[in-house]
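In what follows, a structure is listed as structure tokens, so that the remarks can point back to it.
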Amino acid sequence: MKTKNTFRKIYSVVAKIPRGKVATYGQIAGISSIQGSAKLVGYALNKLPDSTDLPWHRVINRSGKISYSPSRNDHDNLQRILLENEGIEFGRNEIIELSKYLWNPLNE
DNA sequence: GAAATGACCACGA
DNA sequence: GTCGTGGCCATTT
């Protein structure tokens with residue numbers, strides 16, 4: 001399938017997320033010039049291959065919580081572990097402090 | 001080609 | 001803080 005430019009843009013943005021930071025779907029969508037279609041970001045990641053080098057685990061929802069795929073409950077902890085491994089701390093309900101760990105796209 | 005699906009977000013109450 | 005509704009775009013069936 002011919003990967004659309006939009007998807008490539010999403011991958012590009014996700015790949016630019018620095019270590020120890022997280023980004024929301026809305027931000028990535030906006031940077032990818034598809035603001036309003038945050039679903040595309042999730043969809044892109046959902047269809048992402050297993051051998052991807054993209055830090056998909058740094059992409060979380062607006063609530064600062066992990067969205068992950070409901071189908072892959074087998075590794076629901078994986079994303080959390082990866083983030084913790086990068087120095088990101090989780091709140092009480094596994095909520096990340098966006099004010100602190102949110103990625104600043106202006107850096108790019 | 002059309003309808004259904006999807007790791008969501010913004011807004012109003 | 002929660003809950004319900006609308007909307008966007010690409011992929012899949």
Side-chain angles (χ1 to χ4, degrees):
Chain A
M1 44 186 160
K2 306 147 190 184
T3 323
K4 281 297 190 209
N5 194 353
T6 310
F7 263 55
R8 263 197 292 171
K9 187 86 182 202
I10 294 172
Y11 297 143
S12 211
V13 175
V14 175
K16 277 173 193 160
I17 301 176
R19 179 172 171 273
K21 294 264 182 179
V22 294
T24 64
Y25 292 92
Q27 273 203 313
I28 295 174
I31 298 167
S32 304
S33 303
I34 55 172
Q35 198 168 27
S37 304
K39 276 195 191 161
L40 270 292
V41 182
Y43 207 70
L45 297 175
N46 183 18
K47 294 298 172 204
L48 211 59
D50 299 343
S51 18
T52 181
D53 295 344
L54 296 177
W56 53 270
H57 49 264
R58 289 180 197 153
V59 185
I60 55 180
N61 60 9
R62 236 317 203 138
S63 309
K65 201 157 191 272
I66 300 175
S67 299
Y68 211 13
S69 294
S71 310
R72 300 189 174 175
N73 288 333
D74 295 9
H75 339 135
D76 54 348
N77 294 4
L78 178 60
Q79 184 161 12
R80 185 169 133 185
I81 292 171
L82 287 169
L83 292 172
E84 285 183 339
N85 198 1
E86 294 193 353
I88 298 176
E89 294 182 23
F90 283 77
R92 196 171 183 193
N93 286 334
E94 300 180 347
I95 303 289
I96 301 174
E97 206 165 338
L98 293 175
S99 309
K100 213 172 162 178
Y101 295 103
L102 185 61
W103 170 47
N104 189 346
L106 300 176
N107 197 308
E108 268 298 308

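Residue numbers begin at 1 in each chain, while the letters A, B, ... track the order of the sequences.
- For the atom pair CD1 (A:I17) and CH2 (A:W103), the distance works out to 5.5 Å, reported to the nearest 0.5 Å.
- Here the C1' atom of nucleotide C:dA10 and the CZ atom of A:R8 are 15 Å apart, to the nearest Å.
- A:I17 places its CD1 atom 19 Å from the P atom of B:dA7, with the value rounded to the nearest Å.
- Note: CZ (A:F7) to C1' (C:dA10) measures 5 Å, nearest angstrom.
- Remark: C1' of C:dG7 and NZ of A:K39 are 8 Å apart, rounded to the nearest angstrom.
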With a cut-off of 3.5 Å and sequence neighbours excluded, list every side-chain donor-acceptor pair involving residues 22-42 of chain A.
| from | atom 1 | to | atom 2 | distance (Å) |
| --- | --- | --- | --- | --- |
| A:T24 | OG1 | A:Q27 | N | 3.3 |
| A:S32 | OG | A:I28 | O | 2.7 |

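- Residue A:Y43 has its side chain nearest to C:dT11 when only B:dA7, B:dC9, C:dT11 are considered.
- Atom NZ in A:K65 sits roughly 15 Å away from atom P in B:dA7 (whole-Å rounding).
- When rounded to the nearest whole Å, the span between OH of A:Y25 and C1' of B:dG6 equals 11 Å.
- Here A:L40 lies in heavy-atom contact (under 4.0 Å) with a base.
- Within the 4.5 Å cutoff, side-chain heavy atoms of A:R80 are placed close to those of A:I66.
- Between A:K47 and A:I34, it is A:I34 whose nearest contact on DNA chain C lies nearer the 5' terminus.
- Looking at the side chain of A:N61, the nearest of the listed nucleotides B:dT5, B:dA7, B:dC9 is B:dC9.
- Relative to the side chain of A:S67, the nucleotides B:dG6, B:dA7, C:dT11 differ in distance, and B:dA7 lies closest.
- Taking only side-chain nitrogens and oxygens, A:T6 comes nearer than 4.0 Å to OP1 or OP2 of C:dA10.
- One interatomic measurement links the two molecules: OH of A:Y11 to P of C:dC9, which rounds to 18 Å at whole-angstrom precision.
- Rounded to an integer number of Å, the gap from A:Q27 CD to C:dC8 C1' is 18 Å.
- No donor-acceptor pair closer than 3.5 Å links the side chain of A:N93 to the backbone N or O of A:I95.
- In this structure, the ring of A:Y11 has its center no less than 6.0 angstrom from the ring center of A:W56.
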